[in-house]
Colleague: 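Handing you this structure, nothing more for now.
Numbering of residues begins at 1 and proceeds along the displayed sequence. None of these values were measured; they are calculated from a predicted model.
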Amino acid sequence: MEYTIQKLGYLAGISTRTLRYYDEIGLLKPARINSSGYRIYGQTEVDLLQQILFYKELGVSLEEIKAIMTSPHFDVHTALQEHRHKLLERRQQLDQLIANLDQTLLQKEGKQTMNDKEKFAGFKQQLLDDNEAKYGEEIRAKYGESAVNRSNDAIKNITEAQHAEVEKLGEDVLTALAAAFATGDPAGELAQKAADLHKQWLSFYWGSYSKEAHAGVAQMYVDDERFTAYYDEKQPGSAAFLRDAVLVYTGHTS
């Protein structure tokens, strides 16, 4: 079975931006580029991506993962056994990933079949667990238990069509933000378009929208260096510009 970059991203619970980055650094190349210029991934790439995600869950850097997986001594079955041993040490937190790994081992030994969707079971939950560990206390204090739980449910139950839509929205926000930043005017038409796209992107996870919460998130992008680094990656100052645009959009300017 073959997958477009969008479908593989949905299957694995990761962004197309991540898959493009893996391609750029030579970690995971597509099987081919079709006549329309789209990346196409086959079964080999699906299995390699599963291995990459296992290594990432174990705290291995992308540089080290690349070195391991391109080594002539790399053996998938042995690697899976090593993954299992390490994951067992973190069993309380990673039960779902261990069950996933057990299934994969059985498949490699020819004792059980496993479809591509099952290979990534647990990774989406792990993403939620990681976000909870990093930001949980902070965002629950700011936005409340119900809001965070709704957002988590939206991620867990996302359909392929919704995944494609929210991925496109995320990309559209960054594209619009870059164009607006060049104008230097957070109240301008382009900046307000970026703010509106950002509202749509947030609303998917929130289920409902409030101007106050939107303004609060935009301010957090500036106050929290983790978010600032994301938005400022290509153009320093973009996080503050987005904050200013959102403040105009929501009417929270002083």
Side-chain angles (χ1 to χ4, degrees), residues 1-84 86-87 94 96-128 130 155-172 174:
M1 187 169 181
E2 291 189 325
Y3 300 89
T4 62
I5 191 171
Q6 193 82 303
K7 287 183 178 294
L8 184 59
Y10 170 76
L11 180 71
I14 61 177
S15 69
T16 54
R17 187 180 186 186
T18 296
L19 287 171
R20 288 194 293 270
Y21 181 64
Y22 288 173
D23 184 3
E24 289 170 10
I25 65 174
L27 181 60
L28 182 69
K29 293 285 187 181
R32 62 186 177 87
I33 305 295
N34 69 12
S35 58
S36 300
Y38 292 108
R39 294 172 173 85
I40 303 296
Y41 297 82
Q43 194 62 55
T44 297
E45 290 71 40
V46 167
D47 291 340
L48 287 173
L49 179 58
Q50 186 198 30
Q51 288 294 321
I52 291 167
L53 295 183
F54 274 133
Y55 277 118
K56 281 194 66 182
E57 292 299 334
L58 295 169
V60 183
S61 70
L62 293 180
E63 183 178 354
E64 291 172 309
I65 294 172
K66 183 178 177 181
I68 292 168
M69 295 182 64
T70 56
S71 167
H73 305 296
F74 178 73
D75 176 74
V76 172
H77 191 270
T78 299
L80 288 168
Q81 290 175 321
E82 292 173 353
H83 296 329
R84 187 177 191 280
K86 292 176 182 178
L87 288 170
L94 302 172
Q96 282 188 289
L97 287 175
I98 294 168
N100 180 310
L101 182 54
D102 286 341
Q103 257 191 302
T104 303
L105 285 169
L106 289 173
Q107 183 209 28
K108 293 299 181 182
E109 294 166 1
K111 298 176 182 178
Q112 182 174 317
T113 59
M114 187 180 189
N115 64 41
D116 290 341
K117 184 176 181 180
E118 290 171 331
K119 290 177 182 178
F120 298 100
F123 287 116
K124 288 182 181 177
Q125 182 60 51
Q126 187 61 31
L127 172 64
L128 294 175
D130 288 345
I155 294 171
K156 285 191 289 187
N157 299 318
I158 190 172
T159 66
E160 184 173 347
Q162 288 172 327
H163 181 269
E165 182 182 354
V166 77
E167 275 282 300
K168 185 177 185 305
L169 270 175
E171 294 290 342
D172 287 348
L174 295 177

Colleague: To the nearest 0.5 Å, what is the distance between CD1 (I52) and CG (D47)?
Modeller: 11.0 Å
Colleague: Show, in sequence, the C-alpha distance, side-chain angles and deciding distance for E64 and S61, and conclude whether the side-chain hydrogen bond (donor to acceptor under 3.5 Å, both in side chains) test is met.
Modeller: CA-CA 5 Å; E64 291 172 309; S61 70; 3.0 Å; yes
Colleague: Mind listing the closest non-hydrogen atom pair of E45 and A31 along with its distance?
Modeller: OE1-CB, 3.4 Å
Colleague: Determine whether L49 and L11 make a side-chain contact, defined as any pair of heavy atoms from C-beta on separated by less than 4.5 Å.
Modeller: no
Colleague: State the NE2-CD1 distance between H73 and I68, to the nearest 0.5 angstrom.
Modeller: 13.0 Å
Colleague: Taking all non-hydrogen atoms of both residues into account, name the closest pair between K66 and T70 and its distance.
Modeller: O-OG1, 2.6 Å
Colleague: Are L62 and I25 side-chain neighbours, meaning at least one heavy-atom pair lies under 4.5 Å?
Modeller: yes
Colleague: Shortest non-hydrogen contact from A79 to Q51?
Modeller: CB-OE1, 3.9 Å
Colleague: Exactly one of R39, E167, K7 should register a side chain to side chain contact (heavy atoms under 4.5 Å, CB included) with T16. Which one does?
Modeller: E167
Colleague: Using the ring of each side chain (for Trp, its six-membered ring), is F74 parallel, tilted or perpendicular to Y55, with breaks at 30° and 60°?
Modeller: tilted
Colleague: Do P30 and I5 have side chains that approach each other closer than 4.5 Å (heavy atoms only, starting at C-beta)?
Modeller: no
Colleague: Report the C-alpha distance between L28 and D23 in whole Å, list the side-chain angles of each, state the deciding distance to 0.1 Å, and finish with yes or no for side-chain contact (heavy atoms from CB on, under 4.5 Å).
Modeller: CA-CA 5 Å; L28 182 69; D23 184 3; over 6 Å; no
Colleague: Less than 4.5 Å apart, side chain to side chain, heavy atoms only: is that true for E165 and K168?
Modeller: no
Colleague: Please name the pair of heavy atoms, one in G9 and one in L19, separated by the smallest distance, quoted to 0.1 Å.
Modeller: N-CD1, 3.6 Å
Colleague: Looking at E109, I'd like to know if its CD atom is crowded, meaning that more than 12 non-hydrogen atoms belonging to other residues, nucleotides or ligands lie closer than 6.0 Å.
Modeller: yes
Colleague: Tell me, do L174 and R17 make a side-chain contact under 4.5 Å, heavy atoms counted?
Modeller: yes
Colleague: Looking at every heavy atom in both Y41 and L8, which two are closest together, and how far apart are they?
Modeller: CG-CD2, 3.5 Å
Colleague: Is the closest side-chain heavy-atom distance between T4 and N34 below 4.5 Å?
Modeller: no
Colleague: Would you say the side-chain atoms of S36 pair up with the backbone N or O of Y38, donor to acceptor, closer than 3.5 Å?
Modeller: no
Colleague: Does the pair Y3 and M1 meet the rule for a side-chain contact (heavy atoms from CB on, under 4.5 Å), with working shown?
Modeller: CA-CA 7 Å; Y3 300 89; M1 187 169 181; 3.4 Å; yes
Colleague: Tell me yes or no: between the side chains of H163 and Q6, is some donor less than 3.5 Å from an acceptor?
Modeller: no
Colleague: Would you check if L27 and Y21 make a side-chain contact, meaning some heavy-atom pair closer than 4.5 Å?
Modeller: no
